[in-house]
There are 2 protein chains.
Amino acid sequence: MAVSKKEVGECPIDATLSVIDGRWKGTILWRLADGPMRTAELRRSIPDITERMLIRHLHDLVDAGIIDRHDAGTVPPCVHYSISEYGKTLAPVLGALCEWGRTHMEIQKRKPQPRARAAAPTRPASPPSSAGTTRSPRRKSSPA
Amino acid sequence: MAVSKKEVGECPIDATLSVIDGRWKGTILWRLADGPMRTAELRRSIPDITERMLIRHLHDLVDAGIIDRHDAGTVPPCVHYSISEYGKTLAPVLGALCEWGRTHMEIQKRKPQPRARAAAPTRPASPPSSAGTTRSPRRKSSPA
DNA sequence: CGGTATCCTGAAGGATACTG
DNA sequence: CAGTATCCTTCAGGATACCG
């Protein structure tokens with residue numbers, strides 16, 4: 001984590017970043033923004049994530065109060081995660097983050113040229129409603 | 001960096017995060033929001049940062065086009081850094097980040113570490129909306 | 001299915017010395 | 001003063017195996 005919580009002192013920006021910072025937190029929040037999802041569903045929608053990382057970040061967010069964990073408590077475990085009421089206060093933040101990302105994604109990925117602006121066609125970057133519509137949920141097993 | 005640029009695929013949130021993520025980027029942007037500052041000035045305003053980290057993140061931001069570097073080119077080096085025009089498009093993002101941070105700072109800080117804190121001096125968190133207007137932070141630098 | 005417990009690696013971050 | 005070059009430490013993240 002780039003901005004550890006314990007070191008966050010004065011800067012409010014870092015304070016917020018420390019909460020949503022993490023390799024997958026942004027993505028998780030992004031997917032969850034569409035509505036509650038269960039663990040496997042989430043995992044399948046994020047091909048490159050591992051069980052450990054999913055649970056880890058999920059737990060972090062739950063711990064921060066950003067998302068809620070709904071456990072059915074049945075024999076075949078069925079857990080749903082959703083943005084909590086508190087987490088919804090992050091909406092403006094995530095919205096701004098998402099908006100800027102949509103607009104400047106290509107620019108940032110191509111070449112940091114402070115010359116391009118207003119060149120991004122309005123593209124729906126909303127999290128897909130159906131998590132199952134993603135491609136093969138086969139985790140890539142890269143050999144050493 | 002939690003979210004490396006190379007790995008950012010679809011999530012716009014991560015795309016934005018990859019740009020402002022870094023131990024000190026948030027703080028640097030926050031300070032710079034008040035207006036241009038020179039290197040030493042910046043470093044003095046951020047006690048815990050090292051030369052290397054300052055320059056490193058500064059360069060990252062310059063490279064991303066977020067901030068501009070103004071080199072006087074004099075014998076005793078005099079370099080100023082400031083939010084670039086392009087970087088100003090981040091204002092809504094930084095504003096939201098800052099706003100949420102100011103509001104939920106204490107809450108977030110007591111989650112992981114239930115440490116009693118009586119004194120919480122509210123920092124003059126200047127909104128990055130006006131980069132170059134406000135210029136009166138409690139800095140202790142003495143511009144020679 | 002959902003979640004843990006280990007072990008390992010890499011890269012971000014930090015300390016220091018040096019240069020123009 | 002601004003910036004660079006090394007070296008070192010830390011720890012977030014990833015791979016696997018296993019449990020309830």
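Chain naming here is simple, since letters A, B, ... match the order of the sequence lines and numbering starts at 1 in each.
For A:Arg69, the salt bridge (charged side-chain N to carboxylate O under 4.0 Å, His left out) partners at least two apart in sequence or on another chain are A:Asp71. Every residue was checked against the salt bridge (charged side-chain N to carboxylate O under 4.0 Å, His left out) condition with B:Asp48, not counting sequence neighbours, and none meets it.
Here the CG-CG distance, from B:Leu29 to B:Leu94, works out to 5.0 Å after rounding to the nearest 0.5 Å.
Note on B:Arg69: only backbone sugar-phosphate atoms sit closer than 4.0 angstrom, heavy atoms only; bases stay farther off. A:His59 comes within 4.0 angstrom of no nucleic acid atom, judged by non-hydrogen atoms across all strands. Nucleic acid contact for A:His80: none, since no nucleic acid atom lies under 4.0 Å from a heavy atom of the residue.
Relative orientation of the B:Tyr86 and A:His104 rings is perpendicular, given thresholds of 30° and 60° on the angle between their planes.
If you take CD of B:Glu51 and C1' of D:dC1, they are 8 Å apart, rounded to a whole angstrom. If you measure from atom CZ of A:Arg52 to atom P of C:dA5, you get 10 Å, rounded to the nearest angstrom.
B:Trp24 has no side-chain polar atom (N or O) that falls below the 4.0 Å cut-off from OP1 or OP2 of C:dA12.
An angle of 50°, rounded to 10°, separates the two end axes of the helix from C:dC1-D:dG20 to C:dG20-D:dC1, each defined over five pairs.
If you check D:dT4, C:dG13, C:dC1 against the side chain of B:Ile55, the one that comes closest is D:dT4.
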